[in-house]
Number of protein chains: 2
Amino acid sequence: MDKYSPITITLDQRSDAVTITQWVYSTLRRAVMLGQIPPGRALTIRELAALLDVSPMPIREALRQLSAEGALEIKGNRRVMVPDMTPVKFSELVDARIALEPAAAAKALPYINSERVALLRSLDARIDEAEAAGDAEAVTHWNQEFHRAIYTSNPHQVTLPLIESLWLQLAPFMRRSAESLDEYYQIDRHQEALEAILRNDPAALQLAIAADIRDGCAFAQTPAKLQKLLR
Amino acid sequence: MDKYSPITITLDQRSDAVTITQWVYSTLRRAVMLGQIPPGRALTIRELAALLDVSPMPIREALRQLSAEGALEIKGNRRVMVPDMTPVKFSELVDARIALEPAAAAKALPYINSERVALLRSLDARIDEAEAAGDAEAVTHWNQEFHRAIYTSNPHQVTLPLIESLWLQLAPFMRRSAESLDEYYQIDRHQEALEAILRNDPAALQLAIAADIRDGCAFAQTPAKLQKLLR
DNA sequence: ATCTTTCGATTGTGATCACAAATATGATGG
DNA sequence: CCATCATATTTGTGATCACAATCGAAAGAT
């Protein structure tokens, strides 16, 4: 049944509260973010339907949504796959993050109350735990939650979907890198961000966020290092 | 057959080269951008299927894709509609455009050759024609083509989908404004942009693009004026 | 041995149908 | 006259099927 290379997707319990399509969507989304689907590997509707044990219909819907979000790519021959990466593309995606995220943080700053700060602290603690445990996957996850918690403080937030699209495109290639945790001990930019928040200093917050993004992607900023990740 | 208020969608010839889903997608997309679908109006699959004379299936797929792109919104009760606008949201969307588009232009600059410049000139001419003819719809269209032609000069462009998502969200409310063309005679920022391109001056190009965006949305930058658009 | 060609298997697309949830409609009671 | 509830209709969801396009592998030619 495996077309080219076998793929393993972690599937969690399906709740009755959500539609099958929603469950398929979140399952495939996480599979993409965890790099469980090799870039370039052709995905077929029926194969995924069998893998997730659902009918082809919810798969079709989820694939179309993920493609619209940039997580997947529909080639001209109608084949769906995780888009492959180039050093230049990687760099452009990171630049787009830096164009959007610090600004989103600054716009959210006026809405961050002490309750939100407490949430941010606890998320930061989880990141430290994951780092100590050497769990690169968890580090990435809680890191995103930290950023999301900042941006969503702004009730008028409109750029989060765009930002998440960038995360989706970068994620499959981030994880492979994070596995080499050696050079991943970054300066704690989150601490800088928190201090900027407490000082109510938008400019410093923007700098901290930008630096955090750059640090998190620095492993791949030289073409040589990135090339290694793409096999 | 009309649920609440009747909607009229301009549908063009369906070619055999594209799938029905693609045709439905582009048809509905244009309907959204032209403001033919009132914000908040509930869209049903079967109604649209009857309207476009296709089966419900392609409608479902197109609606899901458009929702993922921010053109439509799926409410909790599963109803699909054009999201409604608030002054703050409008302002945030414009800010996001300014965060992305000038940067995209600057990154494209090195790739703009004389052939591209000729294309840009012709697009600019079409805008002038449309303005002279008082055709607000055409002005908006060619204006977008002008911007797109700049950004797509960069073969490694990754932000265009994000930018188009912002256009989709703003468009339904831009058109209603452009109808009052009185205050729409903007200084020719496109000429500034072209000169910056010829001078190979990224900073000036960024300023021109940002100013162009601001001018094009200035009509709604004061809450009072925007409120008028939202009825 | 390498490149074409051919043909069977697989795939995406689109239509149709069943069903449960949500909505609208009407009747009933205050 | 308005609010409440029961019923009937409509709606999204998901399954199944038919078909044309596409792909993959084996057979053929050079």
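We name chains A, B, ... by the order of the sequence lines, and we start the count at 1 in each one.
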Check your understanding: At their closest point, which heavy atom of B/F146 faces which heavy atom of B/I127, and how far apart are they?
Key -> CB-CD1, 4.2 Å
Check your understanding: Got a donor-acceptor contact below 3.5 angstrom from the B/W23 side chain to the B/D12 backbone?
Key -> yes
Point to revise | Candidate pair B/V32 and B/R29, rule side-chain contact (heavy atoms from CB on, under 4.5 Å), full reasoning | key: CA-CA 5 Å; B/V32 170; B/R29 186 185 206 274; 5.9 Å; no
**Study point:** Interface residues of residues 53-64 of chain B with DNA chain D (non-hydrogen, below 4.0 angstrom)
**Key:** B/M57, B/R60
**Study point:** Side-chain heavy-atom pair B/D95, A/V158 within 4.5 angstrom cut-off
**Key:** no
Hey, what are the protein-to-nucleotides 19-25 of chain D N/O distances that come in under 3.5 Å?
from: D/dC23; atom 1: OP1; to: A/N77; atom 2: ND2; distance (Å): 3.0

Check your understanding: Is the shortest heavy-atom distance from the side chain of B/E69 to the side chain of B/Y25 under 4.5 Å?
Key -> yes
Exercise for review: Check the pair B/H190 / B/L123 against side-chain contact (heavy atoms from CB on, under 4.5 Å), numbers first and verdict last.
Suggested key: CA-CA 10 Å; B/H190 294 171; B/L123 289 173; over 6 Å; no
**Study point:** Proximity to DNA chain D (any heavy atom under 4.0 Å), residues of residues 10-28 of chain B only
**Key:** none
Point to revise | Test: A/R148 and A/E145 ion pair at under 4.0 Å | key: yes
Practice item. Could you tell me whether the side chain of B/S165 and the main chain of B/P161 form a donor-acceptor pair under 3.5 Å? Key: no
Review point. Under the 3.5 angstrom rule, does the side chain of A/Q22 hit a backbone N or O of A/T19 as a donor-acceptor pair?
Key: yes
Review point. Do B/T159 and B/Q157 have side-chain atoms, one donor and one acceptor, less than 3.5 Å apart?
Key: yes
Practice item. Report the distance from atom CD1 of B/I45 to atom C1' of C/dA22, rounded to the nearest whole Å. Key: 14 Å
